[in-house]
Amino acid sequence: RMYRRQMMCRRDIDVFNVPFLAIYGSLIPPEEEKLKQKKLVALLEKLVSKEWPTAKLYLYGSCANSFGVSKSDIDVCLAIEEADMEKSKIIMKLADILQSDNLQNVQALTRARVPIVKLMDPVTGISCDICINNLLAVVNTKLLRDYAHIDPRLRQLAFIIKHWAKSRRVNETYHGTLSSYAYVLMCIHFLQMRRPAILPCLQEMETTYSVTVDDIHCAYFDQVEKLSDFGRHNKESIAQLVRGFFHYWAYCHDYANTVISVRTGSIISKREKDWTRRIGNDRHLICIEDPFEISHDLGRVVDKHSIKVLREEFERAAEIMQNDPNPCIKLFEPY
Ligand code: ATP
Ligand code: MG
């Protein structure tokens, strides 16, 4: 019994802070990579403005939300007011414009769920996806970036969780597992729920930033520089948080009845959202509410097979964090 109790609360967890932080450090993109990205965006802006002088380009996703690891592709959104032109037409035209320059492998994917132009810049070696008018993604990118500025432990935790998810192949939405965006929301929510809390709920605070995109009103407190000591009463270390995160998703989350919600900084009921039964392809087996598009469950890609895979991976990770002599290696062993 004594033995069991000791196992349940491993004492040496903090010896893993240094190796976890080293992994985090090795994943951060170097400054020169950021400069190359900026150069590519500047080139794209130049090309696009010839055809559409009032159009704007925005970076979104991991290259702009501060959760991007080294050597990621970049996500770009072209904001354009061509109300009368079909998206697929714009995509084709855009591909044409870019093709004529020195860019390589320009492909127009007009039939994808989100139509995009894909390309590679031979000068910088960076690949890039350009979508049209997906401004909600630009706004949720800002929300994630703002959360990252409040407490450094969020970025550390999210890098480690994303690295784990990629190593274990549970970051593949086309195979029914979760997007990087979903994992970052899970990390934010986990830190909102710590006691004392490590992150606030920005959408419940006074509005200092607001935009309406596709009829969705997005509002929250974005003066995050004023919140830089928010988490000071909570002294949990990165190793403790990684263990806690997996412990939560392995043993504590009520998959049957609850939804995690960054918007409210709390756990809400499936019943309240009417996410209790399968509708079409949305099975709601793990529920993660989008902070702005609140009818959108980021877990909707998960099916009855992949939920098993996912939960077994959470349990494997929780077990490793609890008992393995070498969690910083074992956790990321390729699947
Ligand atoms: P990675 O490092 O794996 O490329 P990423 O942050 O770019 O990570 P993706 O899952 O590729 O994450 O998503 C890119 C961006 O698109 C997200 O940051 C988010 O703004 C938006 N996005 C992705 N999936 C959704 C979704 N299901 N609903 C709303 N927005 C989404
Ligand atoms: Mg991406």
Side-chain angles (χ1 to χ4, degrees), residues 24 26-29 33-34 37 40-41 57-79 109 112-120 126-148 154-189 203 211 213-216 218 220 259-263 275 281-284 286-303 306 332:
Y24 164 67
S26 71
L27 295 167
I28 296 176
E33 209 173 298
K34 292 271 138 199
Q37 291 180 355
L40 175 56
V41 174
L57 285 185
Y58 296 97
L59 282 173
Y60 73 100
S62 64
C63 58
N65 65 17
S66 80
F67 296 102
V69 302
S70 187
K71 305 199 176 61
S72 306
D73 298 351
I74 65 174
D75 298 303
V76 179
C77 169
L78 172 66
L109 306 185
R113 191 178 54 86
V114 179
I116 54 169
V117 175
K118 272 185 158 326
L119 61 89
M120 210 274 277
I126 297 174
S127 297
C128 146
D129 290 352
I130 309 176
C131 68
I132 311 292
N133 291 344
N134 188 3
L135 287 170
L136 215 43
V138 177
V139 178
N140 68 37
T141 293
K142 173 173 159 60
L143 180 72
L144 266 45
R145 184 176 61 233
D146 285 336
Y147 270 114
L154 170 59
R155 200 167 171 232
Q156 296 162 1
L157 179 67
F159 269 58
I160 290 165
I161 300 303
K162 275 180 69 174
H163 183 48
W164 161 82
K166 284 184 206 286
S167 310
R168 301 300 300 170
R169 304 190 45 195
V170 286
N171 177 210
E172 301 177 345
T173 47
Y174 45 91
H175 286 144
T177 55
L178 299 169
S179 66
S180 297
Y181 177 58
Y183 282 112
V184 175
L185 291 173
M186 288 157 84
C187 291
I188 294 173
H189 186 260
Q203 288 170 276
V211 282
V213 180
D214 305 335
D215 295 328
I216 296 175
C218 308
Y220 68 93
V259 176
I260 66 155
S261 162
V262 165
R263 170 181 62 101
W275 284 356
N281 257 340
D282 292 14
R283 293 177 179 83
H284 304 302
I286 172 171
C287 295
I288 302 158
E289 179 190 64
D290 186 89
F292 299 121
E293 216 178 343
I294 64 171
S295 62
H296 185 39
D297 175 8
L298 291 156
R300 71 180 176 187
V301 290
V302 177
D303 61 30
S306 59
F332 310 107

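Small disclaimer: the values here were computed from a predicted structure and weren't measured. We're numbering straight along the sequence, starting at 1. Order of listing sets the numbers, starting from 1, for every ligand and every atom in it.
- If you look at Asp73 next to ligand 1, there are no close heavy atoms at all, none under 4.0 Å.
- Contact annotation: for Leu144 versus ligand 1, there are no heavy atoms closer than 4.0 Å.
- Shown in contact with Asp75 at under 4.0 Å from a heavy atom are these atoms of ligand 1, numbered in order with element: 7 (O), 14 (C).
- Near Tyr60, meaning under 4.0 Å from one of its heavy atoms, ligand 1 places the atoms 15 (C), 16 (O).
- Ligand 1 places these atoms under 4.0 Å from at least one heavy atom of Leu298: 26 (C), 27 (N), 28 (N).
- Given atom 18 (O) of ligand 1, the protein heavy atom at minimum distance is Gly61 CA, 3.2 Å.
- Checking side-chain atoms of Lys34 against main-chain N and O of Cys63 turns up a donor-acceptor pair under 3.5 Å.
- The atoms of ligand 1 that sit less than 4.0 Å from any heavy atom of Asn65 are 6 (O), 18 (O).
- The Mg ion (ligand 2) sits nearest to atom OD2 when only the N, O or S atoms of Asp75 are considered.
- With respect to atom 4 (O) of ligand 1, the closest heavy atom belonging to the protein is Ser62 OG, 3.5 Å.
- Across Ile288, Val138, Asn140, Val139, heavy-atom proximity to atom 30 (N) of ligand 1 is greatest for Asn140.
- Among protein heavy atoms, the minimum distance from atom 31 (C) of ligand 1 is reached at Tyr181 CD2, 3.6 Å.
- Between Val184 and Ile161, the closest side-chain pair of non-hydrogen atoms is not below 4.5 Å.
- Proximity annotation for atom 2 (O) of ligand 1: of Arg300, Lys162, Arg145, Lys162 comes nearest, heavy atoms only.
- In this structure, the side chain of Asp129 does not engage the main chain of Lys118 through any donor-acceptor pair within 3.5 Å.
- Taking 4.0 Å as the cut-off, Glu293 does not count as a neighbour of ligand 1 on heavy-atom distance.
- Between Ser179 and Thr173, the shortest heavy-atom contact is N-CG2, 3.5 Å.
- Not a single donor-acceptor pair under 3.5 Å links the side chain of Thr141 to the backbone N or O of Asn65.
- Heavy-atom contacts from other residues, nucleotides or ligands closer than 6.0 Å to NZ of Lys71 number 12 or fewer.
- Distance from atom 21 (C) of ligand 1 to its nearest protein heavy atom, with residue and atom name: Ala137 CB, 4.0 Å.
- Considering only heavy atoms from C-beta on, Met186 comes within 4.5 Å of Leu178 through its side chain.
- When distances from atom 11 (O) of ligand 1 to the protein are checked, no heavy atom turns up under 4.0 Å.
- The shortest N or O to N or O distance between Ser180 and ligand 1 is under 3.5 Å.
- No side-chain heavy atom of Asp297 sits less than 4.5 Å from a side-chain heavy atom of Asp282.
- Contacts between Phe67 and ligand 1 below 4.0 angstrom, taking non-hydrogen atoms only, are absent altogether.
- Here Asn140 contributes atom CG and Leu135 contributes atom CG; the two are 11.0 Å apart, rounded to the nearest 0.5 Å.
- Looking only at distances, a side-chain donor or acceptor of Arg145 sits under 3.5 Å from a matching main-chain atom of Ala64.
- Between Gly68 and Pro29, the shortest heavy-atom contact is O-CD, 3.2 Å.
- Ring geometry, Phe159 versus Phe67: the interplanar angle falls from 30° to 60°, so the pair is classed tilted.
- The shortest N or O to N or O distance between Lys166 and ligand 1 is under 3.5 Å.
- When distances from atom 28 (N) of ligand 1 to the protein are checked, a heavy atom turns up under 4.0 Å.
- For Gln203 (side chain) and Pro291 (main-chain N/O), a donor-acceptor pair under 3.5 Å exists by modelled atom type.
- Contacts between Val69 and ligand 1 below 4.0 angstrom, taking non-hydrogen atoms only, are absent altogether.
- Per-residue contacts place Ser179 under 4.0 angstrom from the following atoms of ligand 1 (heavy atoms of the residue considered): 10 (O).
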